[in-house]
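The structure presented is a predicted model; accordingly, all values stated were derived computationally and were not measured.
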Amino acid sequence: MATRAEVEVLPTREALMEAAAARFVSAAGAALRASGRFVVALAGGSTPKALYALLAGAPWAGRVDWSRVHVFWGDERCVPPDDPASNYRMTREALLAHVPVSERHVHRIRGEDDPRRAAAAYERVLREMFATPVGPPRHAPGARFYLDAVGMWRVTLTPVVLNAAAEVAFLVSGAEKAPMLRRVLEGPHEPDALPAQVVAPHDGRLRWLVDAPAAARLDRR
């Protein structure tokens, strides 16, 4: 059965980022204890960027064994890796350039390639990482993403992959997100219009970390 969403409302954007950093560190520790590596899928956007910048500095950077972290992306734009619009470039500048993660453990989507070819190549990388030649990711330790930190409005890893993750965390900040957040969490099921509604890990946790302005329209009774 799919996991029920956990919604945590933080008073400020700064508190949201601190809570998200703590979840990242906790998930990393749990993954390393379970399988010896932490496989994480990251997203683009201004809210994740703020989290990455926080993780890149003290004290958070020192609380992760980066040598055993494998970084993937949940989405990417069809641009070269040095393009200002590239999620890979943003993540590298905000986080990866500042922590001792191995280049061999950084698995970017080749946004400069034909989209179909890039998607097929990324599937092969994922299958090799998770030792799953066919079918969806397995729920065994090390055979699935331990954390997907995803943006709210874009889900481009397939739901099969996302819903096999040990944990999926949505980060939502700002009053301008309040109407859409209410639609996603409390409105009718419209997965075609609201792809975030498709995300429901079958054997994992689904967390929404949101700040108070973004949560202003939620029914919090």
Side-chain angles (χ1 to χ4, degrees), residues 1-34 38-61 63-64 69 73-75 91 94-95 144-155 157 159 161-191 194-221:
M1 181 176 294
T3 303
R4 182 178 178 85
E6 303 172 34
V7 181
E8 182 176 356
V9 179
L10 288 306
T12 64
R13 180 179 174 86
E14 292 73 21
L16 168 63
M17 295 308 152
E18 291 284 335
R23 281 306 314 146
F24 187 98
V25 170
S26 177
L32 293 177
R33 290 190 295 274
F38 178 42
V39 185
V40 60
L42 302 178
S46 60
T47 302
K49 182 179 181 179
L51 169 61
Y52 305 157
L54 188 63
L55 287 169
W60 300 107
R63 296 176 180 173
V64 176
V69 175
W73 278 261
D75 65 300
T91 308
L95 173 60
R144 57 178 175 162
F145 283 116
Y146 218 90
L147 178 66
D148 279 286
V150 297
M152 185 172 179
W153 318 127
R154 288 199 277 169
V155 177
L157 281 180
V161 175
L162 288 169
N163 289 336
E167 182 170 340
V168 177
F170 284 94
L171 310 180
V172 189
S173 176
E176 71 279 5
K177 303 288 180 60
M180 186 63 74
L181 182 63
R182 183 177 182 182
R183 281 185 64 194
V184 171
L185 292 181
E186 298 178 351
H189 189 62
E190 302 176 277
L194 304 170
Q197 290 183 337
V198 178
V199 180
H202 300 299
D203 185 27
R205 304 183 76 166
L206 174 59
R207 293 175 180 269
W208 287 81
L209 300 176
V210 306
D211 63 17
R217 298 197 181 187
L218 295 181
D219 181 357
R220 298 170 61 186
R221 289 177 293 177

### Query
Hey, is the main chain of V184 close enough, under 3.5 Å, to the side chain of Q197 for a donor-acceptor pair?
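Side chain of Q197 to backbone of V184, a donor-acceptor pair under 3.5 Å: yes, one is there.
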### Polar side-chain atom of N163 near backbone of A200 as donor-acceptor pair, under 3.5 Å
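Yes; judged by distance alone, with no hydrogens or angles, the pair exists.
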With rounding to the nearest 0.5 angstrom, report the [atom1] to [atom2] distance, [X] to [Y].
{"X": "L55", "Y": "L95", "atom1": "CG", "atom2": "CG", "answer": "6.0 Å"}
{"X": "L16", "Y": "L171", "atom1": "CG", "atom2": "CG", "answer": "6.0 Å"}
{"X": "F170", "Y": "L206", "atom1": "CZ", "atom2": "CG", "answer": "6.5 Å"}
{"X": "D211", "Y": "K177", "atom1": "CG", "atom2": "NZ", "answer": "9.0 Å"}
{"X": "E8", "Y": "R207", "atom1": "CD", "atom2": "CZ", "answer": "7.0 Å"}
{"X": "S173", "Y": "L209", "atom1": "OG", "atom2": "CG", "answer": "11.5 Å"}

### Query
Does the side chain to side chain contact (heavy atoms under 4.5 Å, CB included) test come out yes or no for M180 and L194, once each step is laid out?
CA-CA 9 Å; M180 186 63 74; L194 304 170; 3.4 Å; yes
Minimum heavy-atom separation for [X] and [Y], please, with both atom names.
{"X": "A165", "Y": "R144", "value": "O-NH1, 3.5 Å"}
{"X": "V198", "Y": "P191", "value": "CG2-CB, 3.5 Å"}
{"X": "W208", "Y": "A196", "value": "CH2-CB, 4.1 Å"}
{"X": "V40", "Y": "V69", "value": "CG1-CG1, 4.2 Å"}
{"X": "P11", "Y": "A212", "value": "O-CB, 3.6 Å"}
{"X": "A41", "Y": "L157", "value": "CB-CD1, 4.2 Å"}

#### Entry: Parallel, tilted or perpendicular, as decided by the 30° and 60° cut-offs, for the rings of F38 and F24
perpendicular
#### Entry: Heavy-atom check, side chain of T47 versus side chain of M17, under 4.5 Å
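Sidechains of M17 and T47: in contact.
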### Message
What I'd like to find out is whether the side chain of V39 reaches to under 4.5 Å of the side chain of F145, using heavy atoms alone.
### Response
yes
### Query
Does a salt bridge link R217 with E186, judged by any charged N lying under 4.0 Å from a carboxylate O?
no
